Amino acid sequence: MPSTDLRLAELLSSLSLASDLGLGQPLGHGLRTCLLAVQLATEMGADPSVIRSVHHVALLRFLGCTTDASETARMAGGDDLAFNRTLGPTLHGGGLEAMRALVAAVGPGEGPVRRIRMLGAAMLDPGAVAESLAMHCEVAGMLARRLGLEESVVRSLEHAYERWDGKGLPDRMAGSDVPIEIRIAGVARDIDLATRAGVDVSALLTARRGKGYDPAVVDAALSLDPTGIDADLDAVLDAEPRPVTVVADLDEALTVLADFIDLKSHWTRGHSRRVAELAAKAGAEAGLAAADVTTLGRAALVHDVGRIGVESGVWDRPGPLAADDWEKVRLHTYLTQRILARCPQLASLEPLASSHHERLDGGGYHRNVSGAAIPPAGRILAAADVLAALMADRPHRPAMSLTEAIAVLASEVESGRLDRAAVSCVVAAAGGDTTPLKHALPAGLSEREVEVLKLIAGGRTNRQMADVLYISPKTVGRHVENIYAKIGVSTRAGATVFAMEHRLIG
């Protein structure tokens, strides 16, 4: 996938979809906000350069939302997504409105005594909100600058929570000192929230006019009809003023997305970069084509984007997860699929990126595929993800040494969950000893021949085996001949008995 194929606006749309998850909003909230913001800027007679900045800022306004997700989750009783969803509509509202939302958002599932204590702690530390939003703004500006965005966009994101009346953050700007992009994007976002919540948009705009909102933006908004706005990516791309910008360095852009993902939890920071490094080195070690190694590394950078859609209280829990928590964990690979599939030029990464928890025995998730249905690159990504996780601190255990992690991987190989060759390549990429992973297969069979033998024992015809393994029937035939010669049989029944004797099946 050449870097010039990816429009900057498409990448920003992907980041917008990811931030929707972090805000507890449905996928497409940021896209609708962008379309509304462009309409507002156009209605106000803005210059095309300003409309372009508005377009980008509306997509990226919450690029820092993962920065302190763990702290937010602790304050909210574990669910940072519900907290963000409840407090989000009050950013430009009055103090009483914000207080009511805070009471509703802090510890809703806790007992009354603990909840009162949590609310008291939140109210006695008003500086925590200012610190939190300042972090959001700083991180958003840093990530935007790495994407090569214009300075007007970066500056706007650094002041993402300012208000017309000077009561915003981080610098309490007021009036026309607030970047026009933020004045417009804030109104556009609240219009979408209100429309979906069934709130009277006109009344909301009028009540906040001259307070949280710029009066000129409100006047333009009152002439718009937000009900027909749909979260359509093509419409968002069409709304960007020409000439369009393409991504200059796709790998750096995807690394920005990886860092945005990994900020979600203290325990995962740097994880996606590490997985990408291991996977790319292991892919080269395995002899994958250069283009496939590149795709593998890029897929590894974004493999965990769906993690943002699961509350931080689950990822940060030190004890065992309950059954419903495990269901949420299993959801994150599906969310990765949904985000990447929405953007055509990133969709080629989706099948690989969203498969990193699939296992050879079919016990993985979310598609529950097994065996030959998992391609070599997918097997490598799965092994790289496990090794990187094992060698990092987690809330339920300290980091393992490389030797300890290899022992765990070896047990996963022996149990039939991870691929031996893939794990060996990943361990070699990490500079580890692959000796514990070596295993003499019976009769000198290769790993591929064992796969074919298992399919023979399962009653597959040569044609069916060819379909499963993505090779030609002629190649399958040669494998079958070699297997029969090595194990000393001449029939499928004999091959099946051999497979059972050597514990290759069942």
Side-chain angles (χ1 to χ4, degrees), residues 22-25 29 33 61-62 64-65 67-69 71-77 79-108 110 112 115-138 140 156 158-179 182-219 221-222:
L23 297 170
Q25 296 295 330
H29 166 57
T33 297
R61 184 171 172 227
F62 298 100
C65 72
T67 304
D68 59 347
E71 290 80 1
T72 300
R74 283 197 293 272
M75 179 177 64
D79 194 344
D80 54 310
L81 308 184
F83 183 90
N84 291 338
R85 185 165 53 246
T86 303
L87 269 292
T90 70
L91 287 174
H92 292 90
L96 182 58
E97 180 184 2
M99 183 61 67
R100 287 172 178 164
L102 182 66
V103 171
V106 172
E110 302 290 341
R115 193 174 183 206
I116 289 172
R117 288 175 179 170
M118 293 171 69
L119 280 168
M123 293 178 182
L124 289 173
D125 188 12
V129 174
E131 182 182 3
S132 171
L133 297 186
M135 288 192 294
H136 287 204
C137 292
E138 182 175 51
S156 295
E158 289 173 340
H159 297 90
Y161 300 101
E162 305 289 359
R163 294 168 43 124
W164 179 260
D165 58 9
K167 296 181 180 180
L169 293 165
D171 294 327
R172 301 201 179 278
M173 291 177 165
S176 59
D177 287 341
V178 179
I182 291 301
R183 284 181 266 151
I184 291 174
V187 172
R189 194 244 179 163
D190 287 358
I191 289 175
D192 182 62
L193 293 176
T195 300
R196 287 189 290 107
V199 173
D200 185 333
V201 173
S202 179
L204 179 74
L205 293 171
T206 302
R208 294 181 177 181
R209 187 180 188 277
K211 298 175 183 176
Y213 298 156
D214 177 352
V217 179
V218 170
D219 293 343
L222 288 170

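For clarity, every value in this text was computed on a predicted model and none was experimentally measured.
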Quiz prompt | Heavy-atom closest contact (W164 atom, G210 atom, distance) | solution = CD1-O, 3.6 Å
Quiz item: When rounded to the nearest 0.5 angstrom, what is the spacing between CZ in R85 and CG in L193?
Solution: 11.5 Å
Self-check item: Distance in Å, D80 CG paired with L87 CG, rounded so as to fall on 0.5 Å steps
Solution: 12.0 Å
Self-check item: Non-hydrogen atoms of A130 and L169 that approach each other most closely
Solution: CA-CD1, 3.7 Å
Self-check item: Pair D192, T33: side-chain N/O donor-acceptor within cut-off below 3.5 Å
Solution: no
Exercise. Decide yes or no for H136 and F62: does some side-chain heavy atom of the first lie under 4.5 Å from some side-chain heavy atom of the second?
Key: no
Quiz prompt | Under 3.5 Å donor-acceptor, D200 side chain and S202 backbone | solution = yes
Identify each donor-acceptor pair in which a side-chain atom of residues 100-107 lies under 3.5 Å from a protein atom, sequence neighbours left out, and give them as a table.
none

Quiz item: Got a sec, which residues hit side-chain hydrogen bond (donor to acceptor under 3.5 Å, both in side chains) with D219, two or more places apart in sequence or on another chain?
Solution: R209
Practice problem: Would you confirm whether R163, through its side chain, and G93, through its main-chain N or O, come within 3.5 Å as a donor-acceptor pair? | Solution: yes
Quiz prompt | Electrostatic pair K167:E162 at N-O distance under 4.0 angstrom | solution = no
Self-check item: Shortest non-hydrogen separation from D165 to G212 and the atoms involved
Solution: OD2-N, 3.8 Å
Quiz item: Given side chains that start at C-beta, do those of I191 and L204 come closer than 4.5 Å, heavy atoms only?
Solution: no
Self-check item: Minimum side-chain heavy-atom gap V178-D214 below 4.5 Å
Solution: no
Exercise. For T67 and G64, indicate whether the former's side chain and the latter's backbone hold a donor-acceptor pair under 3.5 Å.
Key: yes
Quiz item: Side-chain contact, heavy-atom cut-off 4.5 Å: R208 with V218?
Solution: no
Quiz item: So, does N84 use its side chain to make a donor-acceptor pair with the main chain of G22 at under 3.5 Å?
Solution: yes
Exercise. Flag yes if more than 12 heavy atoms outside E138 fall under 6.0 Å of its CD atom; otherwise flag no.
Key: no
Practice problem: Taking ring-ring contact (aromatic ring centres under 6.0 Å, His included) as the test, write out the residues that go with H92, two or more places apart. | Solution: Y213
Practice problem: Side-chain contact test, heavy atoms from C-beta onward, threshold under 4.5 Å: evaluate it for P179 versus M173 and give yes or no. | Solution: yes
Self-check item: Minimum heavy-atom distance I182-A160, with the two atoms named
Solution: CD1-CA, 3.6 Å
Practice problem: Indicate the atoms forming the closest heavy-atom contact of C137 with E158, along with that distance. | Solution: CB-O, 3.3 Å
Quiz item: Passes side-chain contact (heavy atoms from CB on, under 4.5 Å), Y161 versus L91? Steps please.
Solution: CA-CA 8 Å; Y161 300 101; L91 287 174; 3.9 Å; yes
Quiz item: Any sub-3.5 Å donor-acceptor pair from D68's side-chain atoms to E71's backbone N or O?
Solution: no
